[in-house]
Amino acid sequence: NAGVTQTPKFRILKIGQSMTLQCTQDMNHNYMYWYRQDPGMGLKLIYYSVGAGITDKGEVPNGYNVSRSTTEDFPLRLELAAPSQTSVYFCASSYSRDAGLFFGSGTQLSVL
Amino acid sequence: KQEVTQIPAALSVPEGENLVLNCSFTDSAIYNLQWFRQDPGKGLTSLLLIQSSQREQTSGRLNASLDKSSGRSTLYIAASQPGDSATYLCAVSGSNSGYALNFGKGTSLLVTP
């Protein structure tokens, strides 16, 4: 079982560039999430989705966009990258709102 | 707003010791509480999930308890091993938090041989 797969693992962007972080899961989970983790801080929710075609903002959505065209995939788009978006990004999925979360291995992003 | 606090921030113990990690939360209206393990440069691995109606969960050498009324959870690790060295994160899901899991900042555990 692959679980939750994220690509790329590392990326360096210049200020103003754009990129898409990919996330796919093979567990047929309806719920998918994007979190960011900054050093010394807890994880913060960026966006989430409760099913294909349905997405909503989390705590820190500014500067990001998402889409959910299939159950498996939940890409995160960064437009006009800024140094404040330097972080580690985690995608996660769950069977339901009350079920445990399964996390991908993360994408370490630096914006210089 | 739900606040999750983990104490201690870091802990070093010799191999074989039993240890307790603490997690406290400010809003008792939770659906569940989850303990995760994070190794350096890796993602989070779920260890134990306790629903709000449960008092504890056990998996191997790990036991997690939940006291909703006092806003506390503990993760007990028996007979610690060097392979247990990692950061342990506590997260709560609640009716007042929307879909966000509220995470603590973690306890960094080092088990020395």
Side-chain angles (χ1 to χ4, degrees), chain A residues 1-7 9-10 21 23 25 27 29-51 54-61 66 68 74 87-109, chain B residues 1-10 23-26 29-54 57 59 62 64 66 68 73 86-108:
Chain A
N1 264 349
V4 180
T5 303
Q6 291 184 237
T7 56
K9 293 192 183 301
F10 303 94
L21 281 65
C23 175
Q25 53 91 10
M27 297 173 283
H29 286 170
N30 283 323
Y31 291 71
M32 295 188 74
Y33 312 82
W34 276 104
Y35 284 86
R36 60 177 287 173
Q37 184 178 35
D38 299 312
M41 306 293 290
L43 280 76
K44 299 293 184 185
L45 182 65
I46 305 171
Y47 269 94
Y48 67 93
S49 169
V50 301
I54 306 170
T55 63
D56 207 346
K57 297 176 181 179
E59 302 172 81
V60 289
V66 294
R68 184 94 182 272
F74 190 39
S87 188
V88 181
Y89 292 83
F90 289 102
C91 179
S93 72
S94 65
Y95 174 74
S96 68
R97 182 176 179 177
D98 300 336
L101 257 63
F102 292 82
F103 278 81
S105 57
T107 295
Q108 188 171 327
L109 175 68
Chain B
K1 183 180 184 295
Q2 178 76 272
E3 299 288 341
V4 180
T5 303
Q6 291 188 246
I7 294 173
C23 173
S24 62
F25 48 95
T26 55
I30 66 169
Y31 292 128
N32 57 51
L33 183 145
Q34 197 165 1
W35 283 94
F36 294 90
R37 169 186 173 137
Q38 185 175 27
D39 293 286
K42 300 288 180 61
L44 282 69
T45 301
S46 178
L47 298 173
L48 290 164
L49 171 68
I50 311 177
Q51 300 294 346
S52 62
S53 59
Q54 298 174 320
Q57 282 285 343
S59 176
L62 305 179
L66 174 63
K68 240 181 26 167
S73 175
T87 297
Y88 291 80
L89 294 159
C90 162
V92 297
S93 169
S95 57
N96 296 325
S97 305
Y99 284 82
L101 265 186
N102 293 107
F103 281 83
K105 295 181 181 180
T107 293
S108 178

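Convention: sequence-line order gives letters A, B, ...; per-chain numbering from 1.
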- Message: If I measure from the heavy atoms of chain B, does A:Gln6 come under 4.5 Å with its side chain, its backbone, both, or neither?
- Response: neither

- Note on the structure: Value for CZ (B:Phe36) from CZ (A:Phe103), rounded to nearest 0.5 Å, stands at 5.0 Å

- Minimum heavy-atom distance B:Gln38-A:Phe90, with the two atoms named: NE2-CZ, 3.4 Å

- Item | Minimal non-hydrogen separation, B:Leu49 against A:Ala99, with atom names | CD2-C, 4.0 Å

- Message: Please classify the contact of A:Val4 with chain B as side chain, backbone, both or neither, using a heavy-atom distance under 4.5 Å.
- Response: neither

- Min side-chain heavy-atom separation B:Leu101-A:Tyr33 under 4.5 Å: no

- Item | Portion of A:Lys44 that has a non-hydrogen atom of chain B nearer than 4.5 angstrom | side chain

- Query: How long is the span from the CG atom in B:Leu44 to the CZ atom in A:Phe102, to the nearest 0.5 Å?
  - Reply: 13.0 Å

- Residue, of A:Ser105, A:Gly104, A:Gly58, A:Gly106, that accumulates the most heavy atom pairs under 4.5 Å with chain B: A:Ser105

- One should read off an interatomic distance between B:Asn102 CG and A:Leu43 CG, to the nearest 0.5 angstrom, of 11.0 Å

